[in-house]
Amino acid sequence: MRARSPRWAISFADLCLLLLGFMIILQARPDGAALANGLRGALNAKTWRAEQQASALFDGGEAVLNARGRGFVADFARGAGQHRVRLASHGTDPQSARFDGWELSAARMAAVARALQTAHVPADRIALSIDGASGGGQRISLEAK
């Protein structure tokens, strides 16, 4: 008598491999905002997020968005539309000649908020928060609902 193979195990293994491949692609993308917005559109999700190290969006010790930062914010704003956007800062970068760590974090958050407004996200739909952690590098996260 021949043993029957469980057919569900093959389908389950295929699903696991597809999910693993998707997660690898998700982690390998340098522009998380564009991917998140694309996924939101494809899946019609109500909430989406993007997070990036501030050092990738700003030049060292400065609070002016670089080209990559402007693209990151613009990509996110295109998907955010008229939704509420929560802009959060986690950690701080080392102080510079012009700013201490807290001032630099706050100035960068203001720059991102202004870029969102320039990209047609209304000011009354943007909420800012800066955490009390210091050091470890500043991370900026955007969430739209």
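No hydrogens, no waters, no symmetry mates; every other heavy atom, side chains included, goes into these values.
When every heavy atom of Ala106 is checked against every heavy atom of Ile130, the shortest pair comes out as CA-CD1, 3.6 Å. Contact record, Ala123 with Gln117: CB-NE2, 2.6 Å, taken as the closest heavy-atom pair. Closest approach of Ala54 and Asp93 over heavy atoms only: CB-OD2, 4.1 Å. Leu57 approaches Gly69 most closely through the heavy-atom pair CD2-CA, 3.6 Å. Nearest approach of Ala144 to His83, heavy atoms of both residues: CB-CB, 4.3 Å.
Listed for the Asp59 side chain is no donor-acceptor partner under 3.5 Å among the backbone atoms of Glu62. Judged by distance alone, the side chain of Asp131 and the main-chain N or O of Gly91 form a donor-acceptor pair under 3.5 Å. Side chain of Arg70 to backbone of Leu65: a donor-acceptor contact under 3.5 angstrom is found.
Annotation: the span from Leu142 atom CG to Leu116 atom CG amounts to 6.0 Å, rounded to 0.5 Å. Here Ser141 contributes atom OG and Arg49 contributes atom CZ; the two are 8.5 Å apart, rounded to the nearest 0.5 Å. Note that OG of Ser105 and CZ of Arg139 are 11.0 Å apart. Values are rounded to the nearest 0.5 Å. To the nearest 0.5 Å, atoms CD1 (Ile140) and CZ (Arg108) are separated by 7.0 Å. Atom-to-atom distance recorded for Leu15:CG and Ile10:CD1 is 14.0 Å, nearest 0.5 angstrom. With values rounded to the nearest 0.5 angstrom, Met109 atom CE is found 5.0 Å from Ser89 atom OG.
For Ala56, the side-chain contact (heavy atoms from CB on, under 4.5 Å) test picks out Gln52, Arg68, with sequence neighbours left out. Partners of Ala111 by side-chain contact (heavy atoms from CB on, under 4.5 Å), not counting sequence neighbours, listed by chain and number: Phe58, Arg114. For Ala113, the side-chain contact (heavy atoms from CB on, under 4.5 Å) criterion is met by Leu87, Ile126, Leu128, not counting sequence neighbours.
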- Applying salt bridge (charged side-chain N to carboxylate O under 4.0 Å, His left out), run through Glu143 and Lys145 and close with a yes or a no. CA-CA 7 Å; Glu143 178 180 315; Lys145 290 184 183 182; 3.6 Å; yes
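Residues Arg78 and Asp75 have side chains in contact (heavy-atom distance under 4.5 Å, counting atoms from C-beta outward).
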